[in-house]
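This report concerns only the one structure given below.
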Amino acid sequence: MSKPMLEFRDVTKRFEKRLDVIERFALRLGAAVSGHVVHAVDRVSFAVNEGEVVGLVGESGCGKSTLGRLACGLHEPTAGGVFYKGEPVNGKPVRAVQMIFQDPFSSLNPRMRVEDIVGEAPRVHGLVPAAEVPDYVAQLLRRVGLDPSYRRRYPHQFSGGQRARIGIARALAVKPDFLVCDEAVAALDVSIQAQVLNLFMDLRESLGLTYLFISHDLGVVSHLSNRVVVMYLGRVVESAPTAELFAKPNHPYTQALLAEVPRLDRKNRNFAPIKGEIPSPLAPPPGCHFHPRCPHAMPRCAQEAPPLREVAPGRLSACHLDA
Amino acid sequence: MSAVLPAAEPAPQTPFRRFLEEFFESKLATLGFAVLAAIVLVALLAPLVAPQNPYDLGKLDLLDARLEPGTKGGAGMTYVLGTDGQGRDMLSAILYGLRVSLYVGVVSGIIALTLGALTGVLAAYAGGRIEQFVMRVVDIQLGFPAILVALILLAVLGKGVDKIIIALVCVQWAYYARTARSAALVERGKEYMEAARGLGLSGTRIVLRHLLPNALPPLIVVGTVQVAHAIALEATLSFLGLGLPTTEPSLGLLIANGYEYLMSGKYWISFYPGVALLVTILSINLVGDQLRDVLNPRLAK
Amino acid sequence: MTVYVLRRLAQTLLVLFVTSGLVFGGLYLVGDPVEILVNPQADQEERARTAAALGLDRPALEQYWIFLKGAFTGDLGKSFVFGRSALEVIIERMPATLELAFLAMVMSVGLGIPLGLYAGLRPHGLAARSIMAGSILGFSLPTFWVGLLLIMVFAVQLGWLPSTGRGPTTEFLGVQVSILTWEGLRYALLPALNLALFKLSLIIRLTRAQVREQSLLDYIRFARAKGLKRARVIGVHLLKNILIPLITVIGLELGSVIAFAVVTETIFAWPGMGKLVIDSIFQLDRPVVVAYLLVTVFMFIMINLMVDLLYSALDPRVRIAEVKS
Amino acid sequence: MTALLEVRDLVTEFDGREGRLRAVDGVSFSLERGEILGLVGESGSGKSVTGFSIMGLVDAPGRIAGGSVKFDGMELVGMPDGDLRRLRGKRIAMIFQDPMMTLNPVLSIETQMLETVLAHDAVPREEARRRAIEALGLVGIASPAERLAQYPHQFSGGMRQRVAIAIALLHRPDLIIADEPTTALDVTVQGQILYEMQRLVRESGAALVWITHDLAVVAGLADRVAVMYAGRIVEQGSTTEVLDAPLHPYARGLLDSVPAANATGGRLRQIPGMTPSLAHLPAGCAFRDRCGHADDACGTVPPITLKASRQVRCHHPL
Amino acid sequence: MKIRNALFAVLAAASLSAAAQDLSVGLSTPVTTMDPHFHNLTPNNSIAKHVFETLVHQDDQQAMRPGLAESWKALDDTTWEIKLRKNVRWHDGSPFTADDVLATLKRIPNVPNSPASFAIYTRPISDAKAKDAHTVILTTRAPHPLLPNDLATIHIISAKMAGMGTPDYNSGKAVNGTGPYKFGEYVSGDRVVLVANDKYWGQKPAFQKIRFRMITNSAARVAALLAGDVQMIEAVPTADIAKLKTDARVTLASTVSNRVIYLHMDSGRERNSPFVTDAAGKPMEANPLRDPRVRKAISMMIDRNAIVSRIMEGEAKPAGQFLPETFHGTSKRLAPEKYDPDGAKKLLAAAGYPNGFGITLHTPNNRYINDEKIAQAVAQFLTRGGIPTKVDAMPSAVFFSRGSKLEFSFLLAGWGAGTGENSSPLRSLVASFDPKLGNGAANRGRFSDAGVDAMVHTALTTIDDTKRGLMLAAAADKAIGELTGVIPLHYEVSTWGVKKGLAYKARVDQYTLAHEVTVAKK
């Protein structure tokens with residue numbers, strides 16, 4: 001249980017735009033040109049253990065999706081390393097780690113039949129003998145709750161919830177043991193979302209899957225995961241077992257986030273907002289990225305980035321208040 | 001969760017079927033398609049349906065030159081649409097001319113499309129310097145006005161069907177490359193592309209099976225317009241004295257040849273090929289128009 | 001911005017170099033200018049004299065090298081036919097082509113945008129359908145054919161407008177312009193219409209497509225929800241969004257109008273660059289053809305650059321550094 | 001005293017490829033001044049179309065096919081376009097879902113705000129500017145005078161939504177229709193917007209229709225809730241009543257589906273099946289195919305039954 | 001219709017009254033310079049002839065008439081005396097003298113960048129002297145009987161302007177002639193405007209102002225005439241002639257020209273002529289075109305009358321030699337070849353080609369009247385006669401380059417005898433290719449016959465016109481009649497269209513001379 005299955009070690013991902021010859025020439029002429037760097041992920045380290053469901057939470061631009069893609073080998077880290085069972089996954093997709101995507105419309109190739117969408121990879125990789133692919137596909141479709149008789153249809157003939165299931169079947173087809181779910185239910189209606197979340201849990205049981213569950217929806221994450229990692233502007237600010245995190249968030253950002261989440265049980269409440277906006281990842285504030293919005297900010301916060309440290313057993317937080 | 005969900009609609013429907021249904025919703029487009037189909041059929045069957053082989057100089061009779069429509073010629077043949085200055089039966093000449101025009105338009109279109117689509121899609125897929133380079137070449141090519149490129153090329157290459165096809169391909173490929181690239185860029189950003197990579201599929205497979213087919217619809221729209229353009233451009237080049245061999249006239253060349261008779265009232269030498277050209281281009285454009293509407297994702301209901 | 005302009009200028013130089021090489025080589029392959037220039041009665045000695053006088057007796061690469069050296073100092077060579085600087089010959093003819101292209105663009109934009117707007121706003125009405133059918137027709141008719149029909153109808157049959165040629169010119173900012181006087185404009189109307197027809201159709205169709213796409217967007221609905229008058233919603237909110245992409249197209253098309261003037265100028269005996277280059281190609285007047293292409297390519301690139309700059313000026317979203325980066 | 005907004009049996013139809021669809025089918029509700037109504041439903045339930053129908057912004061191929069919308073005693077359905085326009089933006093304002101799309105990208109904020117003022121009030125430009133700056137300040141935008149000159153792309157999503165709200169508030173409308181204005185925003189930004197909206201509505205006394213799919217947002221904000229399914233309002237009543245003890249099986253199912261309402265790690269209670277497309281609605285109660293309580297009676301359209309202040313459209317209310 | 005005709009009548013009347021003052025002429029080819037010595041090209045010479053004059057003047061039939069020279073005579077085989085006209089004044093008012101002639105002769109070989117120099121006409125002259133102010137003595141290197149013909153092409157400029165360059169002529173600054181019209185305006189590619197020289201020594205010009213417009217598209221040119229935009233056009237396209245003949249607004253003037261359209265065959269290569277194949281289209285080693293019988297057979301297969309009536313619409317005359325019989329040095333014995341397909345078959349069989357052979361006929365497509373159409377018609381006849389013939393038409397720019405590089409086996413071309421004498425085509429087309437002598441410059445079939453060469457050579461040094469004429473005729477008889485070195489098809493007819501009420505005497509040399517237009521008496 002405690003064996004790390006997927007591990008991020010000091011992973012950094014920057015998207016850079018460098019100056020080319022002409023721009024450097026113009027710079028010498030005195031033109032105001034500059035390259036720019038997006039720090040999408042900044043020295044992130046954590047591990048997902050076998051059988052675990054880790055929720056990765058954060059707002060837009062915090063780098064959670066980039067992190068998901070790093071996990072699947074769709075991005076290559078600028079520094080640090082991503083390891084699957086100790087083997088590096090640096091920009092090279094590993095079949096055992098598959099991704100479930102957010103958009104049920106754009107995540108399926110509109111020009112392929114369901115049987116090809118699901119069956120292509122196992123056939124190409126020779127996971128299943130060619131003759132058995134149709135049966136294999138049927139079996140997968142049944143597993144995700146779709147009638148195999150629809151396998152000759154195209155994605156546009158399915159509803160959003162059904163497409164999400166096709167996407168899951170496609171990932172399962174290469175027999176992964178680790179799924180990265182990137183906002184996998186965000187685009188679905190509440191009632192459909194519930195069905196798909198249930199499916200995830202069923203699969204976890206029956207196939208023994210491990211999940212990295214990326215979402216901005218704290219409700220979904222709290223429901224599903226054992227452990228939650230909170231990111232803010234490319235950095236992990238807090239990591240804790242789910243129940244503990246929701247019961248007593250440690251980092252000021254986590255606290256603010258939880259306070260803002262609308263909840264059914266809080267009726268006719270007075271909204272009390274957090275101040276300021278999320279800064280652009282092009283120019284993150286110095287020191288602790290959260291300090292301009294933090295109610296507890298101290299001068300030190302603007303100068304020095306707080307390290308992630310253990311504040312209680314199994315709980316990590318990056319805040320100078322804890323020091 | 002074991003309950004099996006019902007599908008949205010009962011009938012299995014391919015994207016192509018759906019496309020057909022939407023396409024034929026417009027009466028005008030249906031008409032255009034029907035006319036175009038008829039034209040293509042007639043052009044293909046020209047050797048069988050034409051009363052005369054207008055390209056065989058030995059079959060022409062100079063003494064029957066410039067006969068009015070409906071006149072009976074020396075050899076007893078009735079020229080339904082009259083004859084041109086060589087005694088060529090206009091009806092046959094138009095049928096064969098259609099064949100040449102369509103051949104030139106379609107073949108150059110297909111070659112240009114293939115070339116352009118591949119470069120465009122590869123540029124989009126590869127990104128970086130390769131993309132920069134390809135797109136600069138495309139920009140340069142598009143900066144040159146088509147007609148001038150064709151003019152110079154033909155001046156260098158000389159006349160002939162193959163030559164004009166080369167010229168038209170040179171002129172057109174960049175349009176396809178640009179369209180293919182922008183379409184591929186949109187598709188490249190979609191999640192199914194990432195999924196394909198995540199599944200460990202090879203680059204070639206991703207480009208050919210995933211990227212290319214999805215970048216194709218806008219190319220087909222551009223293609224129809226470009227085929228019409230190519231036919232018109234060939235006609236213009238023939239008019240300017242470059243283009244096809246004079247003994248095997250395309251529609252454009254027929255018009256150009258008959259052009260000088262327009263003033264003198266021998267309208268049929270230029271008029272009927274003109275009508276044939278107009279109807280052809282018109283029907284291609286009608287089809288292209290509807291294709292554009294049906295295939296445009298932004299207008300999809 | 002600076003970077004962008006610099007980059008484009010660097011590219012321009014490269015393009016001009018490649019163009020010159022291609023055209024020079026191409027025309028070298030076409031044929032021997034001496035054959036077409038000399039009087040048919042000329043004997044072998046006269047032919048040799050001509051070749052020497054025009055520098056055509058040297059090897060091709062040497063001829064190109066001489067050209068390049070000249071081009072570096074702005075001398076694109078002397079026309080074989082006119083015996084004058086090729087650049088000068090072209091510049092002399094340029095105003096005629098530019099004014100024709102300008103008039104054609106004014107016609108196609110002035111008519112095309114309103115018609116396209118109308119067709120896009122009421123896509124299912126009879127008038128809109130007629131406009132669209134007409135635009136397809138305009139797309140389909142070969143230019144040279146329409147040109148002669150225009151002459152036949154308006155000049156020969158009706159006698160309203162002159163058939164061919166350019167009217168009297170007046171000097172405007174040091175350039176001879178004909179379209180500033182009514183008499184001069186009369187000469188320009190038919191060729192400009194001929195030239196405009198294709199672009200008119202194009203602009204109608206583009207405008208309509210843009211209108212149909214843009215009117216579905218939320219900002220239009222929001223503008224209406226604010227209680228704005230229809231005229232303002234269409235005239236300001238919709239139109240400004242449509243114009244920005246259209247400007248790119250119009251800029252590019254201005255280039256192609258100048259190129260397509262070749263056909264129109266031939267038919268209407270309009271003394272512009274297009275007619276010149278056709279004649280020059282047929283006479284193998286290589287310096288003029290090369291210079292013409294260099295000038296037009298340079299013009300196109302400059303037009304495109306202008307369009308991009310204009311685009312960035314008009315569209316607050318685009319900063320020039322980001323254009324095509 | 002009559003209600004500010006009185007919607008009666010509103011029907012809005014669209015002509016599409018699959019025939020005529022009823023996006024809104026017999027919707028009735030009313031709203032008092034100062035009241036906040038949460039209009040809740042999943043995608044395709046007709047909640048947005050209801051909003052547009054009230055504003056008179058339903059475009060071809062759609063049209064209002066029946067019913068009435070009375071605003072402050074005036075009938076809006078069939079009102080001449082010019083009169084309707086004078087109400088829009090002046091007394092009834094609307095806020096849209098996607099802040100990236102609602103502002104015109106090529107016009108400055110100043111242009112877009114001033115034109116709204118000038119469309120209804122003949123005031124000098126300076127006065128209009130003053131009002132615009134005031135409105136921006138009101139929605140919490142710092143240094144409004146400088147930001148007025150900027151263009152939408154220079155604002156973040158949350159800021160844009162604030163600008164849209166400022167525009168909506170320029171004329172102190174009596175009624176605001178907000179169509180999922182926070183759906184596209186991050187949680188912390190959503191919190192800010194909700195805070196501003198709540199404050200502004202309370203201060204101005206305007207009535208608010210908050211259209212959303214998110215029950216939790218409604219819980220915190222709305223006085224009353226109406227739940228829509230397949231074009232019909234299936235249940236409405238006070239927020240507390242409806243959310244704590246829903247009467248309609250769909251409303252129940254919807255509430256049960258929310259993860260937070262379920263025990264962590266356990267199975268979620270889900271509504272079986274999927275939302276039917278408007279083109280293939282079952283006859284009678286549209287929910288009956290997915291409903292555990294359905295029987296033959298559900299083959300007819302259930303009438304609206306009143307239970308105290310609550311309305312429910314079900315043959316077998318819970 | 002009636003109303004429109006009436007309207008036309010009114011318009012025509014209105015424009016005619018203006019035409020008494022001005023004349024607009026539609027030219028078919030652009031005028032490229034105003035320098036009379038820069039580019040020896042028909043349109044340029046045509047314009048120059050309005051402003052400048054030549055010592056010897058050629059009339060509409062190219063007969064020699066006094067021009068600026070009142071008389072000329074050969075004092076011996078190489079010395080000529082030219083008497084100049086007195087009382088001629090330049091446009092700037094200064095008198096015309098022998099100095100001007102000498103200055104002209106000096107300038108001609110030294111015009112910089114000239115693409116087609118007039119030096120070919122001055123080269124035979126070794127020395128020029130002024131005997132007095134109005135007498136010039138010219139000495140030639142060798143006996144040169146064609147000196148008067150050459151002098152008819154040389155435009156005399158004033159000595160004052162001899163130092164001026166081509167740009168000064170183009171700007172009009174240096175254009176100072178003796179002719180009936182003075183320089184008005186020159187806009188390259190568009191128009192040339194000339195104004196009347198009221199002090200002209202000859203017949204006073206009929207029009208105050210002449211506006212030449214360059215309308216190269218022939219349909220547009222006709223349209224301009226019909227629309228009344230111009231009152232005269234040259235090179236009326238054959239397609240429109242029938243219609244214009246019946247048009248009340250227009251009068252046509254036409255004459256057989258000095259230009260023959262002919263076929264040239266590769267009679268130089270012994271084997272492997274590039275475009276000769278066997279009847280099935282496979283490469284063939286032998287070159288049948290070397291055999292005079294084959295050439296004769298080809299000639300017999302062609303129905304010249306059909307070409308004239310169908311392709312040329314009657315606007316041509318079947319040809320049996322290089323020039324119509326009225327020209328000097330032509331043969332009286334050479335009639336157009338009779339159409340005789342059966343005879344041709346027999347002859348072909350006799351030559352050893354009973355099954356014929358395949359060939360490609362190359363032709364320019366923008367040089368001669370209906371050039372590529374004629375080629376197609378020829379191909380029709382040959383194909384039917386047993387020689388399957390393809391046609392490859394190309395712009396003249398390409399055609400002449402390739403033709404001169406002997407890349408063709410069979411070509412169609414034309415020859416206009418600028419001198420108006422049979423020596424010109426004989427020397428250029430059928431005399432053996434010889435750069436030293438300047439012979440066979442256009443002999444793209446490399447026909448060669450020692451007998452013909454000898455006769456041409458002698459004729460070219462024989463001053464006596466009659467003797468020379470007989471010798472030229474004999475050479476033509478041998479080259480065409482006996483050996484079929486080339487196959488003449490027809491003489492072009494040049495046609496001008498003028499507005500009703502004007503008249504033009506059509507010229508064989510195809511020059512459009514507006515000062516020869518007269519207002520017809522009704």
Side-chain angles (χ1 to χ4, degrees), chain A residues 53 57-62 158-162 185 187-199 201-202 215-226 242-243 246 253 256-280 293, chain D residues 36 41-45 140 156-159 182 185-199 213-223 238-240 243-244 250 253-277 290:
Chain A
V53 179
V57 202
E59 294 180 283
S60 49
C62 74
F158 294 91
S159 69
Q162 288 171 316
V185 294
L188 304 176
D189 270 327
V190 182
S191 62
I192 306 299
Q193 176 180 313
Q195 295 172 353
V196 175
L197 288 175
N198 282 341
L199 174 62
M201 291 195 288
D202 293 342
S215 178
H216 70 280
D217 187 334
L218 289 165
V220 168
V221 169
S222 74
H223 181 79
L224 213 63
S225 29
N226 313 115
T242 310
F246 280 83
Y253 173 65
L257 200 60
L258 287 178
E260 292 303 327
V261 176
R263 283 165 57 178
L264 277 176
D265 50 7
R266 282 193 284 186
K267 298 191 182 67
N268 294 327
R269 58 186 276 226
N270 286 320
F271 293 97
I274 181 172
K275 69 177 175 187
E277 290 202 54
I278 307 169
S280 154
R293 306 175 74 189
Chain D
I36 301 179
E42 294 184 287
S43 47
S45 63
S156 69
M159 281 296 164
T182 59
L185 303 176
D186 274 318
V187 180
T188 53
V189 181
Q190 165 171 290
Q192 294 168 340
I193 297 286
L194 285 171
Y195 164 76
E196 302 288 357
M197 279 307 284
Q198 193 177 47
R199 184 173 62 82
H213 70 279
D214 191 340
L215 288 164
V217 168
V218 165
L221 185 71
D223 303 313
S238 82
T239 308
T240 327
L243 295 192
D244 287 348
Y250 172 68
L254 202 57
L255 279 163
D256 287 348
S257 299
V258 178
N262 290 262
T264 301
R267 288 190 59 85
L268 293 167
R269 288 184 295 270
Q270 63 186 45
I271 304 176
M274 40 177 212
T275 321
S277 106
R290 306 172 75 187

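To find a chain, count down the sequence lines: A is the first, B the second, and so on, and within it residues start at 1. Since the model is a prediction, treat every value here as computed from it, not as a measurement.
When each of D:G157, D:S156, D:G253, D:G140 is checked for heavy-atom pairs under 4.5 Å with chain A, D:S156 comes out on top. Counting heavy-atom pairs under 4.5 Å between each of A:G61, A:G276, A:S280 and chain D puts A:G276 at the top. Chain A forms the most heavy-atom pairs under 4.5 Å with one residue out of D:S43, D:A222, D:G158, and that residue is D:S43. Of the residues considered (D:I36, D:V189, D:D244, D:L254), D:D244 shows the highest number of contacts with chain A, using heavy-atom pairs under 4.5 Å. Chain A forms the most heavy-atom pairs under 4.5 Å with one residue out of D:T240, D:V187, D:T188, and that residue is D:T188.
Neither the backbone nor the side chain of D:R199 comes within contact range of chain A; no heavy atom of the residue lies under 4.5 Å from a heavy atom of that chain. The contact between D:Q192 and chain A is made by backbone and side chain atoms together, counting heavy-atom distances below 4.5 Å. When heavy atoms are compared at a cutoff of 4.5 Å, D:E196 does not approach chain A at all.
D:E42 contributes a side-chain N or O that, together with a main-chain N or O of A:S191, makes up a donor-acceptor pair within less than 3.5 Å.
Side-chain contact check for D:T182 versus D:M197: every heavy-atom pair is 4.5 Å or farther apart. The shortest distance between side-chain heavy atoms of A:Q193 and D:P259 falls below 4.5 Å. Two residues are said to be in side-chain contact when any heavy atoms from C-beta on lie closer than 4.5 Å; A:E59 and D:Q190 fail this criterion.
In the model, A:S159 has a side-chain atom that pairs as donor or acceptor with a side-chain atom of A:Q162 under 3.5 Å.
Not counting sequence neighbours, the partners of A:F246 by the side chain to side chain contact (heavy atoms under 4.5 Å, CB included) test are A:L218, A:S222, A:V228, A:T242, A:L258.
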